[in-house]
Amino acid sequence: MKIITVYGDKSDFVSLKHIFDALEAGDTVRLEGRFDLEPGAGESLAVSASGVTVDASDAFINIRQKLAGEEQSFIAVEPGVSGVNINGLHIDYSYTGPIHSGTAAVLLNRGNHVRVKGADISMRSGIQINMTGICNDAQGIPEHRGRCFSAEDCRVRIFQNPDIFSQPSCSCGIANRGGDNFYCSGCYVFAQNNGDGKRQTAIGVYNSGFAALIDNNNIKGNGSHNAGTDVRRCYAYGGVDESVSSVWSNNNLVGEWGGSCCAILCKGRDTRVCHSKLLGTHTIKGRTVKLYGRGCIVDNNIITTTSRNPRLIQVRGENCRITGNMLDAVLGRWDVYNTACGIYFDGVKSGYAADNAIMILKDCGIFLDRSSVILRNNTIYDNIYNPMYLGTASSDNAEMLSRLAWDNTAE
């Protein structure tokens, strides 16, 4: 085991790469000072030995890079490696190449039991690519990888602002692609994209691994359209979960400034979202919480929106449980909304909503569209100013259905 110190004013990317290639199990490499690096397209710093520590807490790294292939990163922890620690990675990354369908990441992990702590990552591009600040990748190869990856006390900011939208693109702050026992805590994440519709997305945190815990974070997906008046703009999500048995707790989750904005989209199974502030804002089409997977639980949250057509919770998954939440549309008076509904059950045959408080909305507190669910002890505040308002209603009410269903298309 050895400790290697590398100074920014005495190092270029090629020499730094040689040092990383020569690391052995248990080594520590310390980066100090300012690094101005221009890696070649497709080049990265590879960590191929277990137990390595990369300490960049006293360094600032400026990177300008083009993209080659489907995926590349600045630092890549390789499959088969375990026990790597990466501390204080302060990076400003600029993409300088042409429009590309591949993905650029600052950190790409394919090892196990890898921890990144105290990173401060900013990525920028003025043209369309896919960008991810921190990516844990457990997909594509049969052997186990990406297990027990953690991101702690990190700041990740993604800014993608193209003017031409010729292809799908995604900005994502932190992504866990299939890694079991992913842990994300104490992070500030801001992911911004621009676009002309749902082909372009901004996602704060993405998770598709088993039994992840995303706790105590401030997470935003931003669609660049601060007026929030055009549905044909980039779609923004605070979080997207396609996992099994994961928990999102004690977070501030925001989808903002987009054509459609969602605090969290749950497409997996048995996901729990609890004790959080959830907001879909600055959008025509606000779906603050989307429950599209089976057996999801949403409990003890504050759920708000400033959309003019909000569904604060939209449910398409069977056997979801919604309990103990406070739901409120906070744009202004009830009559400034085009349509508004608190909980919208959309074609589900089983589900449960109990002990929720739903503030004054324009049209309906809870709407059952071709759905049969259990409702108990929900407090739905009356709208004394709108004689058409109903606390609960179903698709048997043709007039209410016509008001709400027109803006309920699949996404």
Quick one: closest heavy-atom pair of [X] and [Y], and the distance?
{"X": "V54", "Y": "F20", "answer": "CG2-CE2, 4.0 Å"}
{"X": "C234", "Y": "G223", "answer": "CB-O, 3.8 Å"}
{"X": "I360", "Y": "D382", "answer": "CG1-O, 3.4 Å"}
{"X": "A340", "Y": "D363", "answer": "N-OD2, 2.9 Å"}
{"X": "I63", "Y": "I91", "answer": "CD1-CG2, 3.7 Å"}
{"X": "G80", "Y": "S50", "answer": "O-OG, 4.1 Å"}

Self-check item: Candidate pair S171 and Q160, rule side chain to side chain donor-acceptor pair (under 3.5 Å), full reasoning
Solution: CA-CA 7 Å; S171 293; Q160 183 175 176; 2.9 Å; yes

For [X], does the [atom1] atom have more than 12 heavy-atom neighbours from other residues, nucleotides or ligands under 6.0 Å away?
{"X": "N226", "atom1": "CG", "result": "yes"}
{"X": "R308", "atom1": "CZ", "result": "no"}
{"X": "F60", "atom1": "CZ", "result": "yes"}
{"X": "R199", "atom1": "CZ", "result": "yes"}
{"X": "R177", "atom1": "CZ", "result": "yes"}

Distance alone, cut at 3.5 Å: any donor-acceptor contact between the side chains of [X] and [Y]?
{"X": "R316", "Y": "Y292", "result": "yes"}
{"X": "N161", "Y": "N194", "result": "no"}
{"X": "Y344", "Y": "D369", "result": "yes"}
{"X": "N207", "Y": "E242", "result": "no"}

Quiz prompt | Member of L37, I61, D21 meeting the side chain to side chain contact (heavy atoms under 4.5 Å, CB included) criterion with L16 | solution = L37

Quiz prompt | Option from L31, L45, V29 for which side chain to side chain contact (heavy atoms under 4.5 Å, CB included) with I19 holds | solution = V29

Would a distance-only check, ignoring hydrogens and angles, find a side-chain to backbone donor-acceptor pair under 3.5 Å from [X] to [Y]?
{"X": "N397", "Y": "S395", "result": "no"}
{"X": "D92", "Y": "N62", "result": "no"}
{"X": "S57", "Y": "G88", "result": "no"}
{"X": "D137", "Y": "Q139", "result": "yes"}
{"X": "N301", "Y": "H275", "result": "yes"}
{"X": "N377", "Y": "D355", "result": "no"}
{"X": "T283", "Y": "S307", "result": "no"}
{"X": "N356", "Y": "A354", "result": "yes"}
{"X": "S246", "Y": "G209", "result": "yes"}
{"X": "D215", "Y": "S185", "result": "no"}

Using a strict 4.0 Å threshold on nitrogen-to-oxygen distance, state whether [X] and [Y] make a salt bridge.
{"X": "R233", "Y": "E256", "value": "no"}
{"X": "D346", "Y": "R370", "value": "yes"}
{"X": "R64", "Y": "D36", "value": "no"}
{"X": "K349", "Y": "E318", "value": "no"}

Quiz prompt | Interatomic spacing from CZ in F345 to OG in S394 - rounded to 0.5 Å | solution =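 Spacing of CZ (F345) from OG (S394) equals 13.0 Å.
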
Exercise. Rounded to the nearest 0.5 Å, what's the gap from CD1 on I174 to CD1 on I134? Could you check?
Key: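 Nearest 0.5 Å value for the CD1-CD1 distance: 4.5 Å.
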
Self-check item: F190/F159 aromatic ring centres below 6.0 Å
Solution: yes

Quiz item: Does the pair D241 and S243 meet the rule for a side chain to side chain donor-acceptor pair (under 3.5 Å), with working shown?
Solution: CA-CA 6 Å; D241 193 283; S243 72; 2.6 Å; yes

Quiz prompt | Residues E78, R110; criterion salt bridge (Lys or Arg N to Asp or Glu O under 4.0 Å); working and verdict | solution = CA-CA 5 Å; E78 297 187 345; R110 293 190 172 103; over 6 Å; no

Practice problem: Apply the test side-chain contact (heavy atoms from CB on, under 4.5 Å) to residues I3 and D27: give CA-CA distance (whole Å), side-chain angles for both, the deciding distance (0.1 Å), then the verdict. | Solution: CA-CA 6 Å; I3 299 174; D27 285 351; over 6 Å; no

Practice problem: Could you go through the side chain to side chain donor-acceptor pair (under 3.5 Å) check for Y93 and Q65 one step at a time? | Solution: CA-CA 8 Å; Y93 181 105; Q65 189 175 32; 3.0 Å; yes

Exercise. Go through the steps for S169 and N130 under the test side chain to side chain donor-acceptor pair (under 3.5 Å), then give the verdict.
Key: CA-CA 5 Å; S169 66; N130 298 300; 5.3 Å; no

Self-check item: Chi angles and distances behind the salt bridge (Lys or Arg N to Asp or Glu O under 4.0 Å) call for R272, D299
Solution: CA-CA 8 Å; R272 184 184 181 196; D299 66 287; 2.8 Å; yes

